[in-house]
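To find a chain, count down the sequence lines: A is the first, B the second, and so on, and within it residues start at 1.
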Number of protein chains: 2
Amino acid sequence: MCNHHTGDTGHSCSCTPSGRMLGFIQPWLLLLLSEESAHGYELLDKLNQNEDTQGVDPGFLYRTLRQFEEDGLLRSSWDVEGRGPARRVYEITPDGIEYLHAWADHIRSTRERLGRLLDTHESRFKSQTTKERR
Amino acid sequence: MCNHHTGDTGHSCSCTPSGRMLGFIQPWLLLLLSEESAHGYELLDKLNQNEDTQGVDPGFLYRTLRQFEEDGLLRSSWDVEGRGPARRVYEITPDGIEYLHAWADHIRSTRERLGRLLDTHESRFKSQTTKERR
DNA sequence: TCTATTATATGAGTAGAACATATAGATGAG
DNA sequence: CTCATCTATATGTTCTACTCATATAATAGA
């Protein structure tokens, strides 16, 4: 268990060290790229502007993009214009769009399963306030 | 990416091989034990009766229970009565109850984050039917 | 007594993510 | 011009949660 919950130290739980759900960043990446093409650093910025997706490890991001390209979900090309070093610009493919929608379906069902867990929890402890339960 | 989504082979995604979300079983365990004390094998049965929690690996279950006990969330004693080998019966502690509620809070916020992702996805692709998007 | 069932437990391997660091071109300060 | 800094991409290593495989043992029944 992690210390999000009780303040204890050094345990393990369902959250990553950064408190984020596993596999949560990838669909956001595809979603951002479905809006407009972008390079890695740019995506890193955008993710950091969203509370839900802050603190992504750059190494993880770049590796994920390369993997997506290998899987045919993205295409890339070099942008040498503008300042600074060349940027690898990623563009989403039709397969990528399709995968994004399939991912959304999967996330929807995950969300429903979380709902069923929470409902069971709530009905188990109904008629008790948060204080009374403790 | 896994093949839940597109039928492709040998990729990776946010789901475990069994298609389950990481860290999803543990709160169910605490929830079941908050209803009544039980031993591992019994819990395994109960989890298998719930569509959302089927196919749990026994090794994982027993290790999780031991870890929870080490963390003070559960207490155990041997039940030598009845048939078959002795059963280690787990009982939830006050700390366990508290942890369960904290876990529920965390799951609620995870659920909300999934909702925000889905909302963004939906508003990006609104006015398009599933068929039109592909 | 041999096998099946119930029950708990552990060893080894895997995959995704985190952490740390490397590389390199462009830019600006002095 | 040269040194530091910023932008940008990339990779090596470690960590951890989970899976897969297997071990152990008591009891019950054929």
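Side-chain proximity of A:R83 to C:dT27, C:dA18, D:dT7: nearest is C:dT27. Comparing atom distances between the A:P85 side chain and each of D:dC18, C:dT6, D:dA8 picks out D:dA8 as nearest. In this structure, the nucleotide among C:dA9, C:dA20, D:dA8 sitting nearest to the side chain of A:D57 is C:dA20. Side-chain proximity of A:R88 to C:dA9, D:dA10, C:dA18: nearest is D:dA10. Among the nucleotides D:dC18, C:dT8, D:dT9, the one closest to the side chain of B:L22 is D:dC18.
B:L65 has its CG atom 15 Å from the C1' atom of D:dC18, to the nearest Å. Spacing between atom NE2 of A:H39 and atom P of D:dA8 amounts to 4 Å, rounded to whole angstrom units. Summarising the geometry, the separation between CG on A:L47 and P on D:dA8 is reported as 15 Å, rounded to the nearest angstrom. Taking atom CD of residue B:E81 and atom P of nucleotide D:dT27, one finds them 13 Å apart after rounding to whole Å. Protein atom NZ of B:K46 is 17 Å distant from nucleotide atom P of C:dT6, rounded to whole Å. Look at OH on B:Y41: it is 15 Å from C1' on D:dT24, rounded to the nearest Å. In this structure, A:Q67 places its CD atom 11 Å from P of C:dA17, rounding to the nearest Å. Rounded to an integer number of Å, the gap from CG of B:D45 to P of C:dT6 is 9 Å.
Residue A:Q26 has a polar side-chain atom (N or O) positioned under 4.0 Å from OP1 or OP2 of C:dA17. Using a 4.0 Å cut-off, no side-chain N or O of B:R87 falls inside it from OP1 or OP2 of C:dT6. Look at A:Y62 and you'll find a side-chain N or O under 4.0 angstrom from OP1 or OP2 of D:dT9.
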Candidate pair A:V56 and A:F24, rule side-chain contact (heavy atoms from CB on, under 4.5 Å), full reasoning: CA-CA 11 Å; A:V56 174; A:F24 188 65; over 6 Å; no
side-chain contact (heavy atoms from CB on, under 4.5 Å) evaluation trace for A:R87 with A:W78: CA-CA 6 Å; A:R87 280 134 293 192; A:W78 286 100; 5.7 Å; no
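A side chain to side chain contact (heavy atoms under 4.5 Å, CB included) with B:Y90 holds for exactly one of B:H39, B:R66, B:E42; it is B:R66.
Hydrophobic clustering, with ILVMFWY side chains joined whenever heavy atoms are under 4.5 angstrom apart, groups B:L47 together with A:L118.
Heavy atoms of B:F60 sit under 4.0 angstrom from at least one base atom.
Along DNA chain C, the nucleotide closest to A:T64 and the one closest to A:G82 are compared, and the more 5′ of them pairs with A:T64.
Contact of B:R63 with D:dT19 (side chain to base): a donor-acceptor pair of N or O atoms is detected under 3.5 Å.
Ring geometry, B:W103 versus B:Y99: the interplanar angle exceeds 60°, so the pair is classed perpendicular (tilted spans 30 to 60°).
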